[in-house]
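Report on one structure; see the data block that follows.
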Amino acid sequence: MDLKQHLKEGGGFLCWFALLILVGCAGHIAPEKSELHGVDGVACVGYIDQPPEGVVAEEDESLLDESLGVTGEGKLCAGKTFVATKPVKVYQVWNSQKDYTKYGHWWSFQVPHGPKQQYREQNVICPSWSTLDRMSECTLKPGTKLVVGPGQSANCLSISYPKSAVNQVFVPNDSRKDILYVENCTPGDVWP
């Protein structure tokens with residue numbers, strides 16, 4: 001029996017049902033991650049990772065602009081803005097010689113691991129920016145807006161770091177002005 005005859009004799013229902021299932025499932029296939037480009041149009045490395053539970057997408061163009069850097073400047077290469085809906089743990093490696101960096105802009109959702117040089121390269125941190133000798137764990141305050149994205153390249157005084165696929169978390173803290181979006185921080189353990 002050919003397909004036309006099969007459809008005429010009632011077999012069409014099963015074929016149409018199978019087709020509907022395939023079309024319906026195709027609409028639920030996770031989209032491929034698209035290539036990211038920085039503010040200067042140059043391609044980034046990696047993708048924007050899904051943040052942990054308690055962090056949801058929320059548009060904030062001015063915060064996004066504050067977090068992004070052009071090629072060679074550091075900061076984020078590309079990013080997406082979010083808001084914390086509940087306390088969420090974040091981690092930061094900072095410079096004990098500059099106390100204000102304990103509550104800086106650059107955080108991670110994962111516990112930082114050494115060695116120090118590898119961490120510096122993965123997170124694009126120039127030696128002149130931080131000695132990376134302390135690590136703190138804090139929680140984001142509910143309502144905190146943040147940006148998540150892969151690192152932009154950085155031209156340091158004596159070395160350059162390429163763009164990084166490692167996602168960083170930009171939190172607009174300014175401890176010099178007593179503006180903090182983190183709380184319940186550990187005092188800062190020696191790191192690594």
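FYI, side chains are in, hydrogens and waters are out, and symmetry mates aren't considered; it's all heavy atoms of this structure.
Side-chain contact between Pro127 and Cys156 is present, with heavy atoms from C-beta onward closer than 4.5 Å. Using a 4.5 Å heavy-atom cutoff, the side chains of Ile48 and Pro150 are in contact. The closest side-chain heavy-atom distance from Arg134 to Val93 is not below 4.5 Å. The closest side-chain heavy-atom distance from Asn184 to Cys138 is not below 4.5 Å. With contacts defined as side-chain heavy-atom distances shorter than 4.5 Å, the pair Pro172/Leu63 qualifies. A 4.5 Å side-chain heavy-atom check between Val182 and Leu140 finds at least one atom pair inside the cut-off. Using a 4.5 Å heavy-atom cutoff, the side chains of Leu146 and Val83 are not in contact.
Side chain of Lys75 to backbone of Ala154: no donor-acceptor contact under 3.5 angstrom is found. The backbone N or O of Pro87 sits nowhere less than 3.5 Å from a side-chain atom of Thr139 that would complete a donor-acceptor pair. Remark: the backbone N or O of Asn155 is not paired with any side-chain donor or acceptor of Ser160 at under 3.5 angstrom. No donor-acceptor pair closer than 3.5 Å links the side chain of Gln122 to the backbone N or O of Tyr119. Without hydrogens or angle criteria, Ser164 side chain to Val124 main chain gives no donor-acceptor distance under 3.5 Å. No side-chain donor-acceptor contact under 3.5 Å links Thr144 to the backbone of Ala84. The closest donor-acceptor contact from the side chain of Thr81 to the backbone of Asp60 lies under 3.5 Å. Between the side chain of Asp189 and the backbone N or O of Met135, no donor-acceptor pair lies under 3.5 Å. Between the side chain of Asn167 and the backbone N or O of Tyr47, at least one donor-acceptor pair lies under 3.5 Å. With hydrogens and angles disregarded, a donor-acceptor distance shorter than 3.5 Å links the side chain of Asn173 to the backbone of Gly104.
A continuous path of Ile, Leu, Val, Met, Phe, Trp and Tyr side chains, each step under 4.5 Å between heavy atoms, connects Val111 with Ile125, placing both in one hydrophobic cluster. Both Val39 and Leu64 are members of a single hydrophobic cluster when ILVMFWY side chains are connected at heavy-atom separations under 4.5 Å. Note on Val148 and Val171: same hydrophobic cluster, where clusters join Ile, Leu, Val, Met, Phe, Trp and Tyr whose side-chain heavy atoms are under 4.5 Å apart, directly or indirectly. In the hydrophobic cluster analysis, where Ile, Leu, Val, Met, Phe, Trp and Tyr join through side-chain heavy atoms closer than 4.5 angstrom, Leu157 is grouped apart from Trp129. By the rule that hydrophobic residues join a cluster once side-chain heavy atoms approach within less than 4.5 Å of another member, Tyr103 and Val90 end up as members of one cluster.
Here the closest non-hydrogen pair linking Glu66 and Phe170 is OE2-CZ, 3.7 Å. When all heavy atoms of Gln168 and Asn123 are compared, the pair lying nearest together is NE2-O, 3.0 Å. Annotation for Leu68 and Gly79: closest pair CD2-N, 3.8 Å, computed over non-hydrogen atoms. Taking all atoms of both residues into account, the shortest heavy-atom contact from Gln117 to Tyr161 is NE2-OH, 3.4 Å. Residues Ser96 and Asp133 come closest through the heavy atom pair OG-OD2, 2.5 Å. Taking both residues in full, the closest heavy atoms of Ser153 and Gly72 are given as OG-N, 2.8 Å, listed atom of the first, atom of the second, then distance.
Taking CD of Glu59 as the start and NZ of Lys145 as the end, the distance is 10.0 Å to the nearest 0.5 Å. In this structure, the separation between CG on Leu180 and SG on Cys185 is 7.5 Å, given to the nearest 0.5 Å. Between His113 atom NE2 and Ser108 atom OG the span is 9.0 Å, to the nearest 0.5 Å. Interatomic distance, CH2 of Trp191 versus CD of Gln92, reported as 12.0 Å (0.5 Å rounding). With rounding to the nearest 0.5 angstrom, the CZ atom of Arg120 is 6.5 Å from the OG atom of Ser130.
Neither side chain, Asn95 nor Thr101, offers a donor N or O lying under 3.5 Å from an acceptor on the other. A side-chain donor-acceptor contact under 3.5 Å links Trp94 and Ser136. Side-chain contact, Lys163 with Thr71: a donor N or O sits under 3.5 Å from an acceptor N or O.
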Check step by step if side-chain contact (heavy atoms from CB on, under 4.5 Å) holds for Val56 and Phe82. CA-CA 5 Å; Val56 297; Phe82 296 89; 5.7 Å; no

| field | Trace of the salt bridge (Lys or Arg N to Asp or Glu O under 4.0 Å) decision for Lys86 with Glu53 | value | CA-CA 9 Å; Lys86 67 179 190 178; Glu53 182 183 340; 3.4 Å; yes

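With Leu76 as reference, Val147 is the one residue of Leu36, Val169, Val147 to meet the side-chain contact (heavy atoms from CB on, under 4.5 Å) rule.
Heavy atoms of other residues, nucleotides or ligands lying less than 6.0 angstrom from NZ of Lys102 number more than 12. The local environment of NZ in Lys141 is crowded, with over 12 non-hydrogen atoms from other residues, nucleotides or ligands closer than 6.0 Å.
No close placement of the Trp107 and Tyr91 rings is indicated, their centers lying 6.0 Å or farther apart.
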